Amino acid sequence: MQEILTNLGIKKQNSGAFCGEWLETKGKEIESISPINGELLAKVSQAEKQDFETVITEAEKAFKIWRMIPAPKRGEIVRQIGLELRKHKDDLGKLVTLEMGKILSEGLGEVQEMIDIADFAVGLSRQLYGKTMHSERPIHRMYEQWHPLGTIGIISSFNFPVAVWAWNAFIAAVCGDAMIWKPSSKTPLTGIAVTNIVQKVMEKNGMPKAVFSLVIGRGSTIGESLINDRRVSLVSATGSCRMGYRIGEVVGKRLGSCILELGGNNAIIAMEDTNMELALKAILFGAVGTAGQRCTSTRRVLIHEKIYDNLVSKLKSAYSTINIGNPLDSDVLMGPLIDKSAVALYEDALQKIQKQGGKIICGSETLSGKNYESGCYVQPTLIEAKAELPIIQDETFAPILYLIKIQNIDEAIEIHNDVPQGLSSAIFTNNLIYAEKFLSHFGSDCGIANVNIGTSGAEIGGAFGGEKETGGGREAGSDAWKAYMRRQTNTINWGKEMPLAQGVEFDV
Ligand code: UN1
């Protein structure tokens with residue numbers, strides 16, 4: 001463990017703010033404790049309000065330089081960052097696992113997601129296209145161009161401590177923005193490690209290092225400073241709906257922009273012709289992967305009555321074989337939850353479920369004893385549920401899966417959409433009509449809708465995000481970059497007359 005920390009530049013005691021150099025932060029210390037075994041990884045002194053002021057001032061200065069570097073040159077820097085990430089993939093993936101508790105294959109996958117978005121951003125740096133239009137006025141030209149936006153804030157969550165930052169950061173970087181990253185206080189060390197990797201590249205290239213700034217601190221001080229500050233043009237935040245409502249209100253009030261990627265309540269519809277083998281794999285990865293702590297985790301399976309008993313019994317036997325334990329062991333499929341408060345939420349949800357009439361099919365225990373001393377390990381749980389149970393409306397960030405019987409596609413779609421969130425969704429069927437219906441405007445109301453693959457594990461190439469209480473933001477691929485730039489429409493008169501649009505006459 002110590003070797004990994006040393007390789008990534010993590011000390012016993014770390015600063016909680018970077019803006020070209022590490023500041024001497026003096027805020028209350030936080031301890032990064034591994035949920036695997038309760039071991040202290042390292043400490044961080046949190047940033048305070050005055051540190052935030054220093055960071056934003058430096059980020060603003062960096063932006064003024066960075067925006068003048070041609071976009072393909074900015075892409076070249078991101079290319080080098082991608083190469084560094086490849087070199088550090090093993091250590092960083094392990095640190096993600098140590099600090100967050102996801103299994104190593106997923107920890108490494110998260111770093112791969114960073115590398116993928118770096119590659120995407122490099123190409124994008126030569127493709128920040130605007131349109132040209134034909135002017136209605138003679139001898140005039142019209143076009144639009146995209147300019148860097150400014151300094152942006154990135155608030156990330158513990159469950160994807162590095163990948164989601166990269167989706168935002170690498171796109172924002174080629175777009176010419178400077179950024180201030182506020183990682184979750186539950187996973188500060190991965191933030192520090194990534195900042196160390198990126199800074200080396202910036203320094204080697206003589207680039208302003210505060211382009212990639214970092215603040216680690218409390219939501220009530222640093223988070224509030226970040227969202228309230230008019231110098232922060234865009235706040236891109238991943239986290240709970242509660243947090244999103246606060247950010248939306250504050251940033252909206254000052255007419256800033258937001259990209260919100262909040263809760264999900266993702267469902268898989270399994271129709272009567274479901275390929276059981278595929279569905280089983282997708283449901284297991286979606287519901288048990290990352291211990292149910294992805295915003296894309298599968299929370300509900302809506303199963304056609306004709307295959308209900310068969311699929312439930314297959315799921316039950318698959319659940320009984322899941323190896324829960326140290327996520328660094330290659331035969332383990334499910335590690336711990338992030339901390340004991342997450343376990344308390346899991347336990348609380350299970351109590352509510354039973355009170356409301358849901359039936360536990362398997363799981364539901366918090367594990368204790370040898371190998372589970374940290375108190376963060378729980379069993380993945382299957383619940384037989386009716387669509388009406390109030391708890392089904394909530395996202396419980398834990399491996400609890402509701403199984404609901406449906407009779408036909410229309411009923412399935414209705415139940416599917418009858419939740420406040422709208423992130424990811426999937427249908428299993430080989431029936432063209434079912435699939436098309438699900439993907440149509442009659443169908444899934446989510447930002448992501450899949451056929452014969454699960455709800456989680458999206459690739460970076462598409463725009464990622466969702467509707468309704470999920471917040472409406474889009475990050476990563478496709479044209480999500482546009483949110484990180486400002487659009488300017490330009491009209492140029494290259495003639496000797498001054499005609500007005502819409503045929504208006506205004507001659508003196
Ligand atoms: C998240 O949980 O916030 O689609 C992001 C997925 C991952 C990203 C999840 N690529 O599951």
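Here the structure is a predicted model, which means the values were calculated and not measured. In what follows, every heavy atom counts, from backbone to side chain, and hydrogens, waters and symmetry copies are set aside. One-based numbering, in listed order, for ligands and for the atoms of each. All residue numbers refer to positions in the sequence shown, counting from 1.
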Run the side-chain donor-acceptor check on residues 415-423: report pairs under 3.5 Å with partners two or more places apart or on a different chain.
| from | atom 1 | to | atom 2 | distance (Å) |
| --- | --- | --- | --- | --- |
| Asn417 | OD1 | Asp445 | N | 3.2 |
| Asn417 | ND2 | Gly443 | O | 2.9 |
| Gln421 | OE1 | Asn265 | ND2 | 3.3 |
| Gln421 | NE2 | Gln393 | O | 3.0 |

Quiz item: Side-chain contact, heavy-atom cut-off 4.5 Å: Arg86 with Lys89?
Solution: no
Quiz item: With sequence neighbours excluded, what pairs up with Ala169 under the side-chain contact (heavy atoms from CB on, under 4.5 Å) test?
Solution: Ile154, Trp165, Met179, Phe212
Would you tabulate the side-chain donor-acceptor contacts of residues 219-226 under 3.5 Å, counting partners in other chains and residues two or more places apart, or write 'none'?
| from | atom 1 | to | atom 2 | distance (Å) |
| --- | --- | --- | --- | --- |
| Thr221 | OG1 | Arg218 | O | 3.4 |
| Glu224 | OE1 | Asn228 | ND2 | 3.2 |
| Glu224 | OE1 | Arg246 | NH2 | 2.9 |
| Glu224 | OE2 | Arg246 | NE | 3.0 |
| Ser225 | OG | Thr221 | O | 2.8 |

Quiz prompt | Shortest non-hydrogen separation from Ala349 to Ile400 and the atoms involved | solution = CB-CD1, 4.0 Å
Quiz item: Side chains of Thr187 and Glu99: is there a donor and an acceptor less than 3.5 Å apart?
Solution: no
Practice problem: Mind jotting down which protein residues get a heavy-atom contact under 4.0 Å with ligand 1? Chain and number order, please. | Solution: Glu113, Asn159, Phe160, Trp167, Thr238, Glu261, Arg294, Cys295, Thr296, Ser456, Gly457, Ala458, Phe464
